[in-house]
Number of protein chains: 2
Amino acid sequence: MDKLLTQFLAVADAGSLSGAATALFITQPTLSFNMNKLEEVVGAPLFERSSRGMTLTRYGETLYENARLMRRLYDNTLNAIADQKRGSERGMSIGSGYSWWTMFLRDMVVDYQREFPKAPVQVSLGNQLRLMDQMLSGDISMFLAHEIDGLSGAIGTDFVPLTRVYNAFFVREGHVLLGAPQSLSEIDSYPIVISSLAESRHERFFDPSRRRTRVETVFDRTSVAFRTNSLAACVDYALATDAVLVHTHVLRDHFRERGLVEVVQKDEPRRAVTGIYVLRERRGEARVEELIERITTACHAVLPPWEPAE
Amino acid sequence: MDKLLTQFLAVADAGSLSGAATALFITQPTLSFNMNKLEEVVGAPLFERSSRGMTLTRYGETLYENARLMRRLYDNTLNAIADQKRGSERGMSIGSGYSWWTMFLRDMVVDYQREFPKAPVQVSLGNQLRLMDQMLSGDISMFLAHEIDGLSGAIGTDFVPLTRVYNAFFVREGHVLLGAPQSLSEIDSYPIVISSLAESRHERFFDPSRRRTRVETVFDRTSVAFRTNSLAACVDYALATDAVLVHTHVLRDHFRERGLVEVVQKDEPRRAVTGIYVLRERRGEARVEELIERITTACHAVLPPWEPAE
DNA sequence: TGACAATATAGATTATTTCTATATCCAATT
DNA sequence: AATTGGATATAGAAATAATCTATATTGTCA
């Protein structure tokens, strides 16, 4: 991997130039020089220097995150080639949002592991952008999520559509909105709660031109009262206040069990597509395709299959 | 980005050394030399050379796909830092583990937002190390978590102790472990489920000397059957199998509602301190101090206050 | 204030990269 | 079968970049 970045990671990990220098078997002035150079390349200060060592600035933090990804991606790539040479199979791990995990993935995975105890599938739950991170660095080979609006093209992923979903609105029992069908603007007048927390480092997935239009920012107004990465926390919040929880309709029953009721909408809701993101490079591998197949089947046992838009 | 990979992409795209050389404004022998070197680094032949040019081998194909990802990742990282530099100041946001959220944070946040609807607080739930990440990169300004054992000093954070807690073990109803008090080693013989996904990138938070002794590695063995970042998924898994879920005792009631029962321990459990981590540089800001105050009050309404160790 | 532990700087040295020039290879053409 | 054109490979020289040694500077803690 890029030498400067390797050294950068070492310095960040060690917390000092001298420490990292020892670890890397080079001298401290070399690192000093190289880190200055890196800062010039990046165009931002990466460290705060003191007589106690080096601490990362927030730009340094961002670079650190991403440099870790790069190193993982790099290592995973070399391993993949080595595996390829040996002719051996690559491990597999899938990611998912919590909705799909509850809806059908859980059972599918349990079944799969019973059937192939030697070749287990690992599962990583999280938000779609984090999963995208993990997939791009080779830690997972596919994940289930909404089609991501405004996703930068040429990112090396395939999207296999599974089903259509729409955003529904959920409120606590006894809420004023529950009497009759409501229009979007009426719903909008209540505080909104959503379960997605964008992190600055994920900006990079989006085309700069479309950054402002993506789904996440639609609700990025003062009326988003509460925003978290935890669905359970959203439910808690909506139960305790008059806020409206926005989420895929597929969790309707799940929410109902927890005391949240769907608001009937006046207008036809906007639909979105859910499906599987796969690393393009892994398409065609037998086990990958089989898993896609299984997920598709499991999904369609519960949800209507996807049909191309009219 | 790494020079060799950049050149590799150029050669792959051009289909020949000479073509790529022209495009890169360097000479063909240089590329010839460098591609040989890259093959040595990767450990596999990347090209088939002929008098008509260079074609990728299957290893080359794999590298090509991944190198493109790396290039994107690299470019996007630089963009992200540039964006960050342009400075998007965000509102205040606090992090927490799910336990504290359920226990008292939820109500506190609800109250706070009622009082200050114009200055909402965002909440990020997740494991302590991830929250530390988010705090250092400016995404959140403080978070609630166990005192992190072996945390590196010079990291620029304050810790405000709140209360003492201990780890408990939870299993599905009817589990064999439930009959009588159990020793740690007996419990240990069952598959363990934990809701923390230790990521190696967090290593840098720890003093090198103490890295091997920290809490997370205690369970880092093959017997960790299932490990995820989602507490709900852990519960699902523990309900469906014989696995033992390890978690703070404070969620005892929460788990019981969901069908998991606490295993009675033979030995006195080890206690740990929970408190608030704050960016040292933000100490003193009125809103920050007020939030700390409120969290402290809310915590002590439910849990005993922290007393310095004897 | 003095010792210590850290980073920064300057100049010399070493290692690497790149270039020029030339050789070699292969296939299509004469 | 020889020639030609377009490609890669190799050798050695030249240029450039990376690293080291030695020393200065800075900040913290006792």
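By convention in this document, chain letters (A, B, ...) are assigned in the order of the sequence lines, proteins followed by strands, and residues within each chain are numbered from 1.
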Asks: Whole angstroms only, please: what is the CG-P distance between A:L17 and D:dC20?
Replies: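 It works out to 13 Å between those atoms.
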
Asks: Pair A:M142, A:L279 - check side chain to side chain contact (heavy atoms under 4.5 Å, CB included), show working.
Replies: CA-CA 7 Å; A:M142 63 181 77; A:L279 266 188; over 6 Å; no

Asks: In whole angstroms, how far is the P atom of D:dT26 from the CD atom of A:E48?
Replies: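 Rounded to whole Å, this separation is 18 Å.
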
Asks: One character per nucleotide, please: for nucleotides 16-22 of chain C, 5' to 3', B when the base has a protein heavy atom closer than 4.0 Å, S when only the sugar-phosphate does, - otherwise.
Replies: -SSBBB-

Asks: Please work out which of the three classes, parallel, tilted or perpendicular, describes the rings of A:F159 and A:Y277, given edges at 30° and 60°.
Replies: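 Answer is tilted, since the angle falls between 30° and 60°.
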
Asks: Under 4.0 Å: is that the gap between some side-chain N or O of A:S16 and OP1 or OP2 of C:dA5?
Replies: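 False: A:S16 side-chain N/O out of range (4.0 Å or more) of C:dA5 OP1/OP2.
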
Asks: Determine: side-chain N/O of B:R49 to OP1/OP2 of D:dA9, distance under 4.0 Å, yes or no.
Replies: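 Answer is yes, contact under 4.0 Å.
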
Asks: Answer with yes or no after comparing the ring centroid distance for A:F47 and A:F8 against a 6.0 Å cut-off, counting only values under it.
Replies: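 Ring centres of A:F8 and A:F47 closer than 6.0 Å.
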
Asks: Side chains of A:D2 and A:Y74 only: does a donor on one sit below 3.5 Å from an acceptor on the other?
Replies: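 Absent: no donor and acceptor within the cut-off.
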
Asks: Checking the side chain of B:T297 only, and the main-chain atoms of B:E293 only, is there a donor and an acceptor separated by less than 3.5 Å?
Replies: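 Yes, the answer is positive, given that a donor and an acceptor are paired below the 3.5 Å cut-off.
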
Asks: Would you call A:R86 and A:D83 a salt bridge, using N to O less than 4.0 angstrom?
Replies: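 Salt bridge: yes.
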
Asks: Would you kindly give the CG-to-C1' distance between B:N36 and D:dA9, to the nearest whole Å?
Replies: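 My rounded result for the distance is 8 Å.
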
Asks: Show your reasoning for whether salt bridge (charged side-chain N to carboxylate O under 4.0 Å, His left out) applies to B:R58 and B:E61.
Replies: CA-CA 5 Å; B:R58 56 208 200 90; B:E61 293 285 352; over 6 Å; no

Asks: In whole angstroms, how far is the P atom of D:dA18 from the CG atom of A:L24?
Replies: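 Rounded to the whole Å, the gap is 16 Å.
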
Asks: Could you give the CG-to-C1' distance, from A:L31 to D:dC20, as a whole number of Å?
Replies: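 After rounding, the gap between these two atoms is 12 Å.
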
Asks: Please confirm whether the backbone N or O of B:I292 pairs with a side-chain atom of B:T296, one donor and one acceptor, at under 3.5 Å?
Replies: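 Checking the backbone N and O of B:I292 against the side chain of B:T296, a donor-acceptor pair under 3.5 Å is found.
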
Asks: Which is it for A:R49 and A:E39 under the salt bridge (charged side-chain N to carboxylate O under 4.0 Å, His left out) test, yes or no, and what are the steps along the way?
Replies: CA-CA 13 Å; A:R49 290 133 164 102; A:E39 285 180 324; 3.0 Å; yes

Asks: Please give the angle, rounded to 10 degrees, between the axes at the start and the end of the helix from C:dT1-D:dA30 to C:dT30-D:dA1, where five pairs define each axis.
Replies: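 Result, rounded to 10 degrees: 20°.
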
Asks: Taking only side-chain nitrogens and oxygens of B:S18, does any of them come within less than 4.0 Å of OP1 or OP2 of D:dT8?
Replies: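 Affirmative; the distance criterion is met.
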
Asks: Among A:L46, A:L56, A:L9, whose side-chain contact (heavy atoms from CB on, under 4.5 Å) with A:L63 holds?
Replies: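 Considering A:L46, A:L56, A:L9, a side-chain contact (heavy atoms from CB on, under 4.5 Å) with A:L63 is found only for A:L46.
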
Asks: Looking at B:T163 and B:C299, what are the two nearest heavy atoms and their distance?
Replies: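 Minimum heavy-atom contact is CG2-SG, 4.2 Å.
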
Asks: Show the distances under 3.5 angstrom between N or O atoms of the protein and N or O atoms of nucleotides 23-27 of chain C.
Replies:
residue	atom	partner	partner atom	Å
C:dC26	O4'	B:S51	OG	3.4
C:dC26	O2	B:S51	OG	3.4

